[in-house]
Visitor: 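Sharing a structure here in C-alpha cells format.
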Amino acid sequence: MISRIDLRGDALPEGPALRALLPRADFDVAAALEKVRPICEDVHHRGDAALIEYAEKFDGVRLDQVRVSAAALKEALAGLDPLVREALEESIRRARLVHSAQRRAPHTVQVVPGGKVTEKWVPVERVGLYAPGGRSVYPSSVIMNAVPAQEAGVGSMALASPPQADFGGLPHPTILAACALLGIDEVYAVGGAQAVAMFAYGTETCAPANMVTGPGNIWVAAAKRYFTGRIGIDTEAGPTEIAVLADDTADPAHVASDLISQAEHDPLAAAVLVTDSVALADAVAKELEPQVAATKHVEDRILPALKGRQSAIVLVDGLEEGLRVVDAYGAEHLEIQTADAAAVAERVKNAGAIFVGPWAPVSLGDYCAGSNHVLPTGGCACHSSGLSVQSFLRGIHIVDYTREALADVAHHVVTLAEAEDLPAHGAAVKARFGWKVPGQ
C-alpha cells in the first residue's frame, strides 16, 4: 500500500541530493500558469459577466449575481448544526487567543542624540480570502485566514468560495455560516483562478484587494503566481503533507491513523514516515490495511495518495539521520513521535508546524489547537512561514533626525555616495549645509 525508501548504511548526501531521494508529489504550477492566464485576463476585461460564465462552465451553475446576499448568510447560520456551531466557535476562540498574542507594537531606537528610527506596523487595507469547495468543505480554512487578518486590524475583508449546484449556486452553507460567525459579510460565489483574478483586478461588484490568502487547487496556486507583484499572496499552496519522525516508542496505530488523516484530503496528498525502527515500519504498514478499509474516500483519495510517489516509509540509521531527512523534506505538518519528543522538536529547523508527542496529532492543529493550519508545502518550509498576524502587517520605518544629528554623520553619507558613484545622493546632504559638509 505504501512504498519504502531505505536510506540506511551509507552516509546521507547533502542538500539537494538528499531532497532528491525523498518522495514528493508532482505539482507543476508553471504549466498551469499558461492555462489560467486567459481566465484572469477575461475577468480583467469583462468583470462579473466572466465570473458568471465560468461558474456555469466549471461549477455547473447559472448565477444571477456573484455576491452572496446578507439573507443567505443569516439563513446559513440559522440552519447550522448546533454541535458544528459550538465546534467552530471554540476553534475561533482558540485561534484568537494565539493570534492576538502575535500583534506587534511600534518600536523606536534612539540611534544617536537627535536621531531615531521607529518601526511601525500597518495592516494591509483590503484582503481577499479564498475557501476551497471541491472534494471537501473547509470552514476551518475560513477561520484560519480570517482570524489573523482581523487580529492584524485589516479594515476590509471579502471571501470567495466556489458556487455549489447542490445549494442553489451558493457556496457550501457551512462556509457561509463560518463567515457569519466571524462577521464577514462580503462573500462571493466564485471559485478557482477567477476568484483570485476578481480580487486582483476588481469587478463591478468587488473592489480590488491588496492581498489574497487561502488554500486552493493548482489553478488557484497558478493564479496567485500570475498576480505576484500586483497583489500580495500568502503562499502557492500545493497538496497537503504529513511527515512523522518516529522511533520504536511510537504507537503504530497512531502513526497509521495520522498518515491516513492527511491522505484523505487529496490523491496527491503526501504521507511520509521517517523511522529507524524496522519493527515500527512493519507494524505501521500492517495497521494501514484495516484502518484504510474502515474509513471513507478510499478509492478516490486515500489509496492513490498512499500508493503515490509522494508517500513512503523512509528507513534511516538513527535519530540524527532522521532529523536530517525531515529537515531536508521541510514538511507542511511534522509529527514527532519519539522518546523525549519535545527535545527532538526543538532541534527541527524546517517545518510548517511541529506536533509534539502522541497527544498532538495534525488533526488537532487543523481545527482546535489554536495554531494556524495555512502552512507552506512542497518543501517551502525551509524559507517560508505559515499564515499569521504578521502576514497581514507591513513594517514601515520612520526616520527622524535633527540638523545636528545629520551634520554629525553627513560626511559618511557623502563618502558612501561618492564610493557608489551617486554624487547627487551626496549633493542632497550638502545642500542642507550650504554645500559644505561638516567633517570634510
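For the numbers below, each heavy atom of this structure counts, side chains included, while hydrogens, waters and symmetry mates do not. Here the structure is a predicted model, which means the values were calculated and not measured.
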Visitor: Have E241 and T377 got a donor and an acceptor in their side chains that come within less than 3.5 Å?
Guide: no
Visitor: Within a reach of under 6.0 Å around CD of E86, are more than 12 heavy atoms found that belong to other residues, nucleotides or ligands?
Guide: no
Visitor: Check the surroundings of atom CD in E125: do more than 12 heavy atoms from other residues, nucleotides or ligands lie under 6.0 Å from it?
Guide: no
Visitor: I'd like to know if K224 and D234 make a salt bridge, using a cut-off of under 4.0 Å between side-chain N and carboxylate O.
Guide: yes
Visitor: Let me confirm one number: the CD-CD1 distance from E289 to I2, rounded to the nearest 0.5 Å.
Guide: 11.0 Å
Visitor: For the CD atom of Q150 and the OG atom of S100, what is their distance to the nearest 0.5 Å?
Guide: 12.5 Å
Visitor: Just by distance, with hydrogens left out, do Q337 and D247 show a side-chain donor and acceptor under 3.5 Å apart?
Guide: no
Visitor: How about F58: does its CZ atom have over 12 heavy atoms from other parts shown lying under 6.0 Å from it?
Guide: yes
Visitor: How about D42 and Y54: does a side-chain donor come under 3.5 Å of a side-chain acceptor?
Guide: yes
Visitor: Return the orientation label for the Y188 and F199 ring planes: parallel under 30°, perpendicular over 60°, tilted otherwise.
Guide: perpendicular
Visitor: I need the I242 CD1 to S261 OG distance, nearest 0.5 Å.
Guide: 5.0 Å
Visitor: Are there over 12 heavy-atom neighbours, none belonging to E75, within less than 6.0 Å of that residue's CD?
Guide: no
Visitor: Taking the side chain as everything from C-beta on, heavy atoms only, tell me whether P148 gets closer than 4.5 Å to T213.
Guide: no
Visitor: Name the orientation class of the two ring planes belonging to H44 and Y201 (parallel below 30°, tilted from 30 to 60°, perpendicular beyond 60°).
Guide: parallel
Visitor: In terms of side-chain geometry, is the basic nitrogen of K74 or D185 positioned less than 4.0 Å from the acidic oxygen of its partner?
Guide: no
Visitor: How long is the span from the OG1 atom in T205 to the CG atom in L51, to the nearest 0.5 Å?
Guide: 7.5 Å
Visitor: With a 4.5 Å heavy-atom cut-off, do V314 and L273 have their side chains touching?
Guide: no
Visitor: Closer than 4.0 angstrom, basic N to acidic O: yes or no for E89 and R94?
Guide: no
Visitor: Any chance you could lay out the side chain to side chain donor-acceptor pair (under 3.5 Å) test for H373 and S141, step after step, and finish with the verdict?
Guide: CA-CA 8 Å; H373 79 200; S141 287; 3.1 Å; yes
Visitor: Between L159 and V142, is there a side-chain heavy-atom distance shorter than 4.5 Å?
Guide: yes
Visitor: Check this for me: does any side-chain nitrogen of one of K57 and E53 sit under 4.0 Å from a carboxylate oxygen of the other?
Guide: no
Visitor: Is the shortest heavy-atom distance from the side chain of V117 to the side chain of I398 under 4.5 Å?
Guide: no
